[in-house]
There are 2 protein chains.
Amino acid sequence: MLKIGEFSRLSQVTIKTLHHYDELGLIKPAHIDPVTNYRFYTVEQLPRIHRIMALKEMGLSLEQIGIMLEKELSTDEMRGMLHLKQAEIHQEMREAQRQLSMVEFRLRMIEAEINFPELDVVIKKLEAMRYLSFFVAPHTRLEKGLAYRSMVVSTLQNAIAEGVIQHTGVLIDVFHGEMILPFTSPDIKERQHEILLGVKDTQEAVKLKGIGQLTVKEEPAVETAATVMLEKSDLKDINIAGYAEKATLLRRWAIAHGYKPHDLVRYLSHRGLLQTSNPEEFIIEAQLPVDTGD
Amino acid sequence: MLKIGEFSRLSQVTIKTLHHYDELGLIKPAHIDPVTNYRFYTVEQLPRIHRIMALKEMGLSLEQIGIMLEKELSTDEMRGMLHLKQAEIHQEMREAQRQLSMVEFRLRMIEAEINFPELDVVIKKLEAMRYLSFFVAPHTRLEKGLAYRSMVVSTLQNAIAEGVIQHTGVLIDVFHGEMILPFTSPDIKERQHEILLGVKDTQEAVKLKGIGQLTVKEEPAVETAATVMLEKSDLKDINIAGYAEKATLLRRWAIAHGYKPHDLVRYLSHRGLLQTSNPEEFIIEAQLPVDTGD
DNA sequence: TCTACAACCTCCCCTAACAGGAGAGTCAAG
DNA sequence: CTTGACTCTCCTGTTAGGGGAGGTTGTAGA
């Protein structure tokens, strides 16, 4: 008969842990003094505690260990549990790898030292929505493109004010294609810059003076998208390049983390022209739909 | 102003989590209605919650994130935290790799199907001890070797009974050298099989009739040893081969898990000849000192 | 205007595997 | 007989929230 301290020394399991296992029924003392409640173990129990430790080292939970100990399970069951655990560990390793790539991406950005932008990428789902779509005609000069877009938005605003449009408050600029700087590139393509205005279920197609017929469409949900919030520094100076830079970084981030970016970028205005005319107050989220590597 | 549900939908953080972060002070609502206690967030808070999520994805704790958010920390501090985290993740990955190798070792043993022995290897420290040492002279025949050892042990027992030896109850058979079956091999070396009897601090050298002078020595602690408990099936049939097989498996196990086994094996009798004459009741732990790969 | 029902609130308990500590009883040696 | 080492039973704390009870508030339809 060994007192708990002795058993603890032999097995190199702490007394606290032995108490805990007693409570769980994993290994109960061979004898308990009914007067003092002292626990007494025997050397015959050493194989059992060894077994518990060996299984714990493999990462099995105490609950699973309890099952394995109490019913002598068949070779097949045992194999099944181990295969399961194997898969779990593989999953953990992938997760660790993901985390590592994120940490190292950040470190590289810091090392690059270029007044590094805070790139807080979040993977999220994009909800499906009903929307009115308008394609901004291409312009080779930045100012013209911006002015044109402003005109479109104020036309929409008027329609909203007149009650012609029941919107949901969601306004998204979508840039189709790989192009990063749609307003400044000379060989810009048609139908590249699309404005989506989220609308309620009751909304139907409308015709607006100056920009024409807008029909209602459905945008399907996107399962996985890499997103970042643009900061003030990206927006001030009416610097559209800030938007483009984020998109580039987002793309790089996605690739570095094993995602396959789609061929478009969305800018969701949480607070944009519909809410304020001061660009410094804009809150804009860049969204890059991606495919997962699976 | 966004109610918590709306903010939750935009950020894709559950309401529960937002409550939790509020409590921790990670991100507090811009406004709380003093009457209803409703939390109101603003779109300006989206970058902050994004940042929190991005840092959390890297595996940082909420406490660390809190620190990073509240005091604008320098590039160097940031780099330091990330390097620390990087090291942590590497550690986790090594641990996962260790677990994986254990699980796969077991799976291989099961697949091998050879009435597979339960090999519950536990890594532990071996304590330093004072001991009396006796080298068993080599014998080419199994029975002779065993009989000789029995004689030695009973001589020790007599001495103990006479009070000549103050022992600690610890009896260890050490087999020096790679040899697995010391009793049966023809080219057995001298001074290969050593018996250690742990003794108390007061014990000094003794001279025993029949086996001669035994001096007291110190055995240093072993930092890392792979150990298994021998089972009844290993011990019955007075089958010394069971001992040897465990040693072989122990060695393989150690190598498969990145340890470098030393050139000796110890058998610690938790219950051996000193306690019982019935070999079926023996409780014996095989110990293989190893070096870690670090 | 009444009534659902959705959204929101504040507790409170639960997780896994113990560690730490308080306060009290027990054991062995000097 | 006393000290110091052991042991006991509670109780709390750890991480990052999830689940649910029980109560209030907000909104939309009849």
Side-chain angles (χ1 to χ4, degrees), chain A residues 1-41 49 52-67 69 85 88 92 95 99 166 168 200-202, chain B residues 1-41 49 52-69 85 88 92 95 99 166 168-169 200-202:
Chain A
M1 291 301 217
L2 308 167
K3 284 203 287 186
I4 197 167
E6 187 66 15
F7 193 67
S8 165
R9 221 167 304 123
L10 291 180
S11 61
Q12 307 205 353
V13 172
T14 67
I15 292 177
K16 279 290 182 188
T17 301
L18 288 172
H19 282 169
H20 191 210
Y21 290 174
D22 180 8
E23 193 168 294
L24 296 185
L26 265 189
I27 181 167
K28 289 193 167 295
H31 172 70
I32 296 183
D33 185 311
V35 177
T36 66
N37 280 339
Y38 273 32
R39 294 170 176 82
F40 290 95
Y41 296 85
I49 190 74
I52 291 171
M53 287 190 282
L55 295 174
K56 201 156 68 67
E57 278 297 285
M58 305 194 321
L60 294 166
S61 71
L62 298 186
E63 191 182 348
Q64 288 175 306
I65 293 172
I67 293 169
L69 286 178
K85 186 65 205 173
E88 272 178 44
E92 275 174 36
E95 175 57 18
Q99 290 189 358
Q166 308 292 316
T168 59
K200 304 197 172 158
D201 284 351
T202 54
Chain B
M1 291 300 219
L2 308 166
K3 284 202 288 187
I4 197 169
E6 187 67 14
F7 194 67
S8 165
R9 222 168 303 124
L10 292 180
S11 62
Q12 308 205 354
V13 171
T14 67
I15 292 176
K16 276 292 184 186
T17 302
L18 289 172
H19 283 171
H20 191 211
Y21 291 175
D22 180 7
E23 193 169 294
L24 296 185
L26 266 189
I27 181 168
K28 289 193 167 293
H31 172 69
I32 296 183
D33 185 312
V35 177
T36 67
N37 281 339
Y38 273 33
R39 294 170 176 82
F40 290 94
Y41 295 84
I49 190 73
I52 291 171
M53 292 162 71
L55 295 174
K56 200 157 69 65
E57 278 297 286
M58 304 192 324
L60 295 166
S61 71
L62 297 186
E63 190 182 350
Q64 288 175 306
I65 293 172
I67 294 168
M68 298 175 87
L69 287 178
K85 186 66 206 173
E88 272 178 44
E92 276 173 36
E95 175 58 18
Q99 290 188 358
Q166 308 294 316
T168 59
K200 305 199 171 155
D201 285 351
T202 54

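Within every chain, numbering begins at 1; the chains are lettered A, B, ... in the order of the sequence lines, protein sequences first and strands thereafter. Treat the numbers as computed from the prediction; the structure is a model and nothing was measured.
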A.B. asks: Picking from D/dC8, D/dG26, D/dG17, which would you name as closest to the side chain of A/Arg39?
C.D. replies: D/dC8
A.B. asks: Nucleotide range of DNA chain C contacted by chain A, 5' to 3', under 4.0 Å to a heavy atom?
C.D. replies: C/dA17 to C/dC27
A.B. asks: Consider ring pair (Phe, Tyr, Trp, His ring centres under 6.0 Å). Of A/Phe40, A/Tyr41, A/Tyr38, A/Tyr21, which one does A/Phe7 pass it with?
C.D. replies: A/Tyr41
A.B. asks: Taking for each residue the nucleotide of DNA chain D with the nearest heavy atom, is it B/Thr36 or B/Leu60 whose nucleotide lies nearer the 5' end?
C.D. replies: B/Leu60
A.B. asks: Regarding D/dG17, can its base be found pairing with the side chain of B/Lys56 as donor and acceptor, where the two atoms are less than 3.5 Å apart?
C.D. replies: no
A.B. asks: How about CD on A/Glu63, more than 12 heavy atoms from neighbouring residues, nucleotides or ligands closer than 6.0 Å, or not?
C.D. replies: no
A.B. asks: What I want to find out is whether B/Glu88 reaches B/Lys85 closely enough, with some N-O distance under 4.0 Å, to be called a salt bridge.
C.D. replies: yes
A.B. asks: B/Glu23 has an atom CD; how far is it from atom C1' of D/dA16, in whole Å?
C.D. replies: 11 Å
A.B. asks: Measure the distance from CG on A/Leu18 to C1' on D/dT7 and round it to the nearest whole Å.
C.D. replies: 13 Å
A.B. asks: Bend across the helix from C/dT1-D/dA30 to C/dG30-D/dC1, to 10°, with axes taken over 5 pairs at each end?
C.D. replies: 30°
A.B. asks: Between D/dC8, D/dG17, D/dT15, which nucleotide gets closest to the side-chain atoms of B/His20?
C.D. replies: D/dG17
A.B. asks: Decide, yes or no, whether a salt bridge links A/Glu6 with A/Lys3 under the criterion of side-chain N to carboxylate O below 4.0 Å.
C.D. replies: no
